[in-house]
Amino acid sequence: MDAQSYTAALAELRTVRDEIKKTQAALVKLEAARDKQITSLAGYEKAKAQRIAPAAGLSLAEVVALVPALAPDSLAAADDEAPGPAAAGPQAVAQPAEQPAPPPPPAVPAEGAPALAAPPASQSAASPAAAVPPQPSPLTAAAPDVPRTLPSIPQGDPGNGWFTHTANLASTRPNFTQQARSTVFLDTATGVLVHRSETHRLDLGTGSAAELLAAVFHTVPGGVERIYITGGDPWHRDADRHPYLRDAVAAWLNASTPGWRTDTGRGKDRMAGHFVHARHPVARYQSEDGEYHVEIRSAGEWFDLDSDEPATVRDAFVLLWQALRRHWSDAVLMGSPSQTGRDLWTRTIPARGQHAEGYPVLSEELRGLLHATAGQGRTELLTPPRVPEQLPQLLEYDRTFAYAKHTWKSPVGTPRRITAHTFAAWSERDQIKALYGCGHWHVRVTVPDTWNHVGILPAAAPGDRAWHYPAAPGTTFTTWAGGPEIHTALTNPITPWKIEILDGILWEDGKPLDDWSKKLKDAWTNLATQAHFQGDPQQARAAHLASRAVRAILLYGIGSFAQRPRMVTGTTPRHLERDVPPDAEIIGFDDDLITWQKPTGFSRDPHAHPEWSAAIWSGARAALLTQRHRDDNTYAGALHTPPGSVIAFRTDALYLTQPQNWPYHHQPGDYLLKGHLSGPLTAPASEEDLLALRDAGRTALTHTSTGA
């Protein structure tokens, strides 16, 4: 680009800017007119939010927030009867009138010992009790700028009743073999289709679902059951006509498909219609005569693609299947990594001996508590003045196959409740043993007065499931955390934090995921080795993609155990908008259809084990702070870097301003230098800034390592 082109582009950019401002101003006027109309409609004595919400394209909660008088009677009553701000939702359980005060905390530990204590007698042993409903009511959700109040376990018998398993619900070894599905790989940008060893070029017209199905089934007369899109993202074809990608995706999924209808399931393989996702949606169709069932998915669910040809993606899936077959003779690749991971895990459940009858599922109350209080990977950006405004450099250290490092021990058995009273009565040895074990703890935390580094424990922040990590000296907060993080706070290399145990859940130590994880790690190692030594560039790339797919199987398999409350997506004709479920959120609409989604709470999923996911996530967050390398007799992690040198955490990665000599042996959990960008650099102020620097750093490191 020359100077003249640059000047012209700037002028064009200013024009776009002005158009955006005009559009935003017009949108504000339209929204104000809509709100005024809603308020006017509310004056009608029989007005109902359930009718107004779909007409306005808003959720029920948004309408009620605008006109509180429209709140449905059942929800309003629940809201009126709810206890104080510590409650998690409308199903709060009343506290006993009096609570026995816990005994005094243990004696002050010797200098240098962990600062661990029960709460003082002047404070209750736990926060006011609150039951945890499967899905909080939108009417009681916290305001955007108000920190969430985390739920607690009710006192006495109501809370003790949570510590059980759901009747007649357990993970058991399957007695059937999964059936493979006929699969093709299609690049909708080029029209290239790969079916087994054959390659075809299709005319996809405008790229609608109807045209895609017609072209594929014309080319493969015998029919297919799964179509992986490797490029082109056809569901984004009209993205410029919609304010959000999800709207464009929903419109593509719900467009007319002559000869086909939305598939709603068959046999034991129940499918809930289309799945709306901005980047990786799932379209499920059934032919009108019922002969064919097919799903359209994104290959990006499995690995990041970089203009890879469909044949390379096909080869990656073949290599993946072969690597898994070495450990599971009946391995079948399901539609997604999470489905595949969970199916493979069920085939490692012991056929005899301990746990041969399966792993029971926790009570719905404990699953709800873990859902609300156990976050996933740590994502945090530190900005000035906590870090310098000008960075000397930026280095990205990424933990290789990180979650595989934390699957060797997981909670099993019936959980025990450890109250503040019980914990305080234990010896220091038993306390430390409990915190080393598989537990989830309700704690009051105080940051040391001399602290000058990053935060250690997560605390609830404003937002649906947002977390932050308080680090200001003297800060006190109440939160839930897993044993690995509590142990890190007490034994970190700088100075111990003060931890007061308010309540806790403790399980026996077990190894329900160990065999599964070891097999996946072996498959990952095998494929990564193939990628490194393969002479054919296309096969090397395919092996690399397959190794990334193994990582996804473990990563998303672990996530599937968390079993979040499910979301159902549906459509309703515009002329029947009163039939939209009253608790549904409108996520898109056009001249013909209204697209909505609604939560369905926790299903009776026999493989729901959020205690496993929570334990692994806690271990991974702790390892970002400190991790011992036994063979090298050294430590790695954020707390082993100088104060002010940590710029960001991003799930498995650290972003630092100083290089580290941490050992790397190509093992799960090792820190790999993945990017290095020389400075001076302006400190990133947003996630977009960080990602831009990350990509530039990876490119710079690649050029340095290759000598380019």
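Here, residue 1 is the first one in the sequence, and each next residue gets the next number. Since the model is a prediction, treat every value here as computed from it, not as a measurement.
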Any side-chain to backbone donor/acceptor pair from Asp343 onto Gln339? Under 3.5 Å, distance only. no
Testing the basics here: between Glu295 and Gly335, what is the closest heavy-atom pair and its distance to 0.1 Å? OE2-CA, 3.9 Å
Both conditions, 6.0 Å and 45 degrees, for the charged tip of Arg417 above the ring of Phe423: are they met here? no
Check Leu520 against Val550 and note the closest heavy-atom contact, atom names and distance. O-CG1, 3.3 Å
Just checking Arg416: does its CZ atom have more than 12 heavy atoms from other residues, nucleotides or ligands closer to it than 6.0 angstrom? no
For this output row, return yes or no: ring centroids of His607 and Tyr359 closer than 6.0 angstrom. no
Quick check: does any side chain N or O of Ser287 sit under 3.5 Å from a backbone N or O of Tyr292, one acting as donor and the other as acceptor? yes
Option among Trp507, Trp612, Trp480 that satisfies the ring-ring contact (aromatic ring centres under 6.0 Å, His included) test with His440: Trp480
Could you tell me whether the side chain of Leu333 reaches within less than 4.5 Å of the side chain of Thr183, counting heavy atoms only? no
Indicate yes or no for a side-chain donor-acceptor contact from Ser171 to the backbone of Pro606 under 3.5 Å, with no hydrogens or angles considered. yes
For the residue pair Pro281 and Glu301, establish whether any side-chain heavy-atom pair is separated by less than 4.5 Å. no
What distance do Gln376 atom CD and Trp617 atom CH2 have between them, rounded to the nearest 0.5 Å? 4.0 Å
Beyond-backbone contact of Gln179 with Glu225, side-chain heavy atoms, under 4.5 angstrom: no
Side chain proximity check, Ser336 to Arg297, heavy atoms < 4.5 angstrom: yes
For Leu344 versus Ala331, what's the shortest heavy-atom pair and its separation? CD2-CB, 4.0 Å
Within a 6.0 Å radius of atom CD on Glu357, are there more than 12 heavy atoms belonging to other residues, nucleotides or ligands? no
Looking at His236 and Ala278, would you say the former's side chain and the latter's main chain have a donor-acceptor pair under 3.5 Å? yes
Within the structure provided, determine whether Pro154 and Trp162 are in side-chain contact (heavy-atom separation under 4.5 Å). yes
Walk me through whether Phe561 and Ile616 qualify under side chain to side chain contact (heavy atoms under 4.5 Å, CB included). CA-CA 11 Å; Phe561 290 125; Ile616 292 169; over 6 Å; no
Could you walk me through whether Ile553 and Leu324 pass the side chain to side chain contact (heavy atoms under 4.5 Å, CB included) test, one step at a time? CA-CA 11 Å; Ile553 288 173; Leu324 295 176; 4.0 Å; yes
Between NE2 of His327 and CG of Asp515, what distance do you get to the nearest 0.5 Å? 10.0 Å
Working for side-chain hydrogen bond (donor to acceptor under 3.5 Å, both in side chains), residues His442 and Ser152: CA-CA 8 Å; His442 195 194; Ser152 58; 5.3 Å; no
Could you walk me through whether Phe401 and Leu554 satisfy the side chain to side chain contact (heavy atoms under 4.5 Å, CB included) test, starting with their C-alpha distance in whole Å, then the side-chain angles of each, then the deciding distance to 0.1 Å, before giving a yes or no? CA-CA 9 Å; Phe401 205 14; Leu554 185 133; 4.0 Å; yes
Main-chain N/O of Glu611 paired to His609 side chain as donor or acceptor, under 3.5 Å: no
Going by heavy atoms in the side chains, are Tyr403 and Asp652 under 4.5 Å from each other? yes
Looking at side-chain heavy atoms only, is the closest gap between Leu213 and Ile296 below 4.5 Å? yes
Which pair of non-hydrogen atoms, one from Ala460 and one from Trp467, has the smallest distance, and what is that distance? N-CE3, 3.7 Å
Can you tell me how far the CH2 atom of Trp516 sits from the OG1 atom of Thr346, to the nearest 0.5 Å? 11.0 Å
Test item: Ser618 side-chain N/O and Ala614 main-chain N/O as donor-acceptor pair under 3.5 Å: no
The criterion is salt bridge (charged side-chain N to carboxylate O under 4.0 Å, His left out); which residues satisfy it with Arg621, sequence neighbours excluded? Glu485
Check ion pair Asp605-Arg367 (N to O, under 4.0 angstrom): no
How far apart are the closest heavy atoms of Leu545 and Ala316, and which atoms are they? CB-CB, 3.8 Å
Straight-line distance of Trp235 CH2 to Leu212 CG, nearest 0.5 Å: 8.5 Å
Report yes if the side chains of Thr348 and Trp345 come closer than 4.5 Å at any heavy-atom pair, otherwise no. yes
How far does CG of Leu366 sit from CD of Glu364, to the nearest 0.5 angstrom? 11.0 Å
What closest approach, in Å, do Val332 and Ala180 show between heavy atoms, and which atom pair accounts for it? CG1-CA, 3.8 Å
Donor-acceptor check, side chain of Thr373 to backbone of Leu369, threshold 3.5 angstrom: yes or no? yes
Strictly distance-based, threshold 3.5 Å: is any side-chain N or O of Ser547 a donor or acceptor partner for the main-chain N or O of Leu527? no
Flag the pair Asp522 and Lys518 as a salt bridge only when some basic side-chain nitrogen lies within less than 4.0 angstrom of an acidic carboxylate oxygen. no
Just do the side chain to side chain contact (heavy atoms under 4.5 Å, CB included) check on Met334 and Arg181 with the steps written out, would you? CA-CA 8 Å; Met334 310 283 280; Arg181 293 191 176 183; over 6 Å; no
How long is the gap from CG on Leu253 to OG1 on Thr262, to the nearest 0.5 Å? 8.5 Å
Can you confirm whether or not the ring centre of Phe303 sits under 6.0 Å from the ring centre of Phe317? yes
Is the side chain of His274 donor-acceptor paired with the backbone N or O of Arg284 at a distance under 3.5 Å, no angle test? yes
